[in-house]
Every structure is written in structure tokens, then in C-alpha cells.
Amino acid sequence: MDEWFLGDLKLQSRLILGTGRYRSLQEMRICHENAETEMVTVALRRIPVEADGQPGLVDFIDTRKITLLANTSGAYTGKEALRLASLALELEMKFLKIEVMGEQKTLLPDPVETLNAVKMIRSELGNRLFLMVYTSDDPVMALKLKESGADAIMPAGSPIGSGRGIANPENILMIRELLGKETRMIIDAGIGSPSDAAIAMELGADAVLLNTAVAAADNAPQMASAMKHGVVAGRMAYLAGRIPRKRFATASSPL
């Protein structure tokens with residue numbers, strides 16, 4: 001795999017995993033190992049501010065190999081996201097996923113409050129956090145978020161936990177082109193299978209973030225391994241350059 005960067009963080013793996021919905025924290029750790037992930041997302045609301053002597057979520061993450069991506073899951077306004085961003089700084093975390101929900105049924109982001117969150121965090125906290133912003137697959141909103149200070153744009157492939165894969169590949173392609181190579185695009189949400197992850201990478205994503213597809217699989221550790229290979233295959237295919245789609249056949253044997 002070709003190495004890549006998020007800010008000054010060098011990575012080899014292009015698969016980012018979550019930390020929720022696993023049957024046990026032990027299983028979560030095994031999945032992280034099988035996926036060979038180098039970054040996992042952790043909801044700030046799940047990180048205890050004070051230790052109670054009992055092992056917690058972070059104790060089951062190998063932070064020697066894995067960077068924590070704090071997220072503002074549970075926030076419904078820009079102000080809530082700002083408060084959680086401040087907590088991330090207090091915990092000496094450098095990477096923040098901004099996630100501001102619009103409502104409960106679709107779990108799609110509120111575009112107005114997400115944009116407000118980026119502006120408020122940049123205004124109040126400066127550039128002390130690397131901002132990775134969860135958004136819809138709207139190309140215009142993706143561009144506005146970039147212009148407001150987002151370091152990475154994370155469009156949803158489809159609603160969180162839906163397993164529907166990439167619902168609108170044309171929009172993802174437009175976002176890729178509008179962002180340019182200097183801004184990271186990470187597909188976040190909706191991935192259900194390794195083939196979905198491969199398609200996301202073939203569309204030009206720099207990485208894929210997923211959780212439910214692994215955590216809720218019948219055999220989560222095995223699915224974690226499968227996702228790793230799906231991401232690798234998709235990235236290799238993107239770099240190799242696929243043949244164009246044609247209406248009619250082209251003979252594969254020489255004339």
C-alpha cells in the first residue's frame with residue numbers, strides 16, 4: 001500500500017474503524033488487529049474524564065499503533081460540537097471528526113449546524129485540531145465545508161448502519177473533483193461489504209471509515225480482515241486505472 005498523510009500523521013492503512021456495537025471490548029480489539037487499522041474513531045461522550053479503576057474503552061485500543069479520532073457524536077448543534085472539541089483538546093487529542101446530527105431516523109448530518117460547527121471551532125480553537133467533517137454527499141456543501149476550514153471531508157456513502165453501500169457514486173465523483181488532491185475525502189457510513197469498500201476506493205476516496213459492517217457481522221474478526229482486503233483492492237484498482245465502459249463489445253484476442 002502507498003503511504004498517505006492526515007496532516008503530519010503518516011499512515012499505511014486506509015481503513016478507519018469505529019469502536020461501537022461490538023459484542024465485547026475484547027472482540028473490538030481483535031477486529032482492530034485483523035483490519036490492521038491505524039486509526040479508530042471514539043465518541044468523546046464515551047471517554048471517561050476520571051478513571052474509576054476499571055478498564056475502559058481506550059484501554060482496549062493499542063494506542064502505540066492506533067491514533068484516536070475523537071468524534072462529536074451526539075451533538076445536534078454547532079455549540080455542542082464546539083464544547084466537545086474543547087474536551088478533545090483537554091484530552092490532548094489532535095484529530096476530531098465533526099458529526100452534528102439532524103434527526104434520529106436517518107442520522108444524516110444537519111448541514112447548517114455542521115457548517116456552523118466548523119466555523120465556530122476554527123474561530124475559537126484555531127488550527128489546534130485536524131478537522132474531519134462528516135457530511136452528506138452534497139458536492140456544494142462539501143466545498144463550503146472545505147472553504148470554512150475543514151481538513152478532510154467525509155461524505156456518507158448512504159445512511160449510517162444501512163449497509164447500502166455507495167448510493168450516489170456520481171456525487172462522490174463530483175466531490176472528489178471539487179476538493180482537489182490536497183483535501184482528503186474519506187467515505188464515512190453506509191458500507192456493508194468489502195465490495196462496497198472497494199467501490200468507495202475506486203471512486204477516489206483516500207480512505208474508508210466504517211463500523212457497523214464489522215461490529216454487527218456474524219463473524220466480526222473475519223469481516224474485519226475482509227474489509228482490509230476490500231480497501232486494498234479498491235485502492236490498487238484506482239491507481240491501476242480501469243478500462244472505460246462501452247456500449248458494445250471489444251475483442252480481447254488480437255485480430
Side-chain angles (χ1 to χ4, degrees), residues 2-19 37-47 49 58 61 63-101 109-156 175-189 204-209:
D2 54 325
E3 65 184 26
W4 65 299
F5 289 83
L6 285 173
D8 58 1
L9 177 67
K10 182 171 71 173
L11 300 163
Q12 294 289 335
S13 172
R14 291 174 181 267
L15 175 58
I16 303 172
L17 289 184
T19 53
T37 184
E38 294 174 294
M39 176 174 279
V40 300
T41 181
V42 181
L44 284 158
R45 295 173 183 271
R46 297 183 65 200
I47 300 176
V49 177
V58 178
I61 300 171
T63 53
R64 296 168 301 174
K65 300 177 181 178
I66 297 174
T67 298
L68 298 182
L69 169 59
N71 78 55
T72 65
S73 175
Y76 281 84
T77 66
K79 288 184 177 180
E80 287 182 84
L82 173 61
R83 180 176 61 81
L84 290 168
S86 299
L87 175 59
L89 282 178
E90 290 180 24
L91 295 171
E92 300 182 343
M93 303 176 84
K94 297 180 180 179
F95 295 86
L96 180 72
K97 174 186 171 183
I98 297 178
E99 188 174 334
V100 184
M101 292 301 167
D110 182 322
V112 176
E113 288 300 322
T114 299
L115 188 60
N116 286 341
V118 174
K119 292 177 179 179
M120 293 169 68
I121 291 170
R122 280 288 180 242
S123 175
E124 297 289 331
L125 305 179
N127 295 318
R128 296 157 68 189
L129 289 165
F130 188 92
L131 300 184
M132 302 166 66
V133 186
Y134 171 62
T135 182
S136 67
D137 60 4
D138 178 0
V140 175
M141 180 53 62
L143 193 55
K144 286 183 178 293
L145 290 168
K146 174 185 174 179
E147 293 168 349
S148 297
D151 296 299
I153 305 299
M154 307 179 78
I175 292 173
R176 175 72 284 171
E177 184 172 342
L178 287 172
L179 293 180
K181 293 182 179 180
E182 73 279 5
T183 302
R184 297 302 185 191
M185 181 184 78
I186 300 170
I187 298 299
D188 180 8
D206 293 292
V208 169
L209 189 156

Under 4.5 Å between any side-chain heavy atoms of [X] and [Y], yes or no?
X: S73; Y: R45; result: no
X: M39; Y: L6; result: yes
X: N116; Y: V100; result: no
X: V140; Y: L178; result: no

Please check: side-chain N/O of S148 versus main-chain N/O of K144, any donor-acceptor pairing under 3.5 Å? yes
Does the K146 side chain pair with the main chain of L179, one donor and one acceptor, at a distance under 3.5 Å? yes
Between L82 and L125, does a side chain to side chain contact (heavy atoms under 4.5 Å, CB included) hold up when you go through it step by step? CA-CA 9 Å; L82 173 61; L125 305 179; 4.2 Å; yes
Minimal non-hydrogen separation, [X] against [Y], with atom names:
X: E80; Y: Y76; value: OE2-N, 3.1 Å
X: L84; Y: A75; value: CD1-CB, 4.2 Å
X: G7; Y: F130; value: N-CE1, 3.2 Å
X: L129; Y: A85; value: CD1-O, 3.7 Å
X: R176; Y: G204; value: NH1-O, 3.0 Å
X: T37; Y: V40; value: CG2-CG1, 3.9 Å

Which distance, rounded to the nearest 0.5 Å, do you find between the [atom1] of [X] and the [atom2] of [Y]?
X: R83; Y: E124; atom1: CZ; atom2: CD; answer: 14.5 Å
X: I121; Y: N127; atom1: CD1; atom2: CG; answer: 12.0 Å
X: L131; Y: F95; atom1: CG; atom2: CZ; answer: 11.0 Å
X: L143; Y: E177; atom1: CG; atom2: CD; answer: 11.5 Å
X: I98; Y: L145; atom1: CD1; atom2: CG; answer: 8.5 Å
X: L15; Y: E38; atom1: CG; atom2: CD; answer: 10.5 Å

Does a salt bridge link K181 with D206, judged by any charged N lying under 4.0 Å from a carboxylate O? no
Check against side chain to side chain contact (heavy atoms under 4.5 Å, CB included), L91 and L44: CA-CA 10 Å; L91 295 171; L44 284 158; 4.1 Å; yes
Given K97, which partner from the list T72, N71, T41, D188 fulfils the side chain to side chain donor-acceptor pair (under 3.5 Å) test? D188
Only residue of V208, I187, L209 satisfying side chain to side chain contact (heavy atoms under 4.5 Å, CB included) with M154 is L209
More than 12 heavy atoms of other residues, nucleotides or ligands under 6.0 Å from CD of E182: is that the case? yes
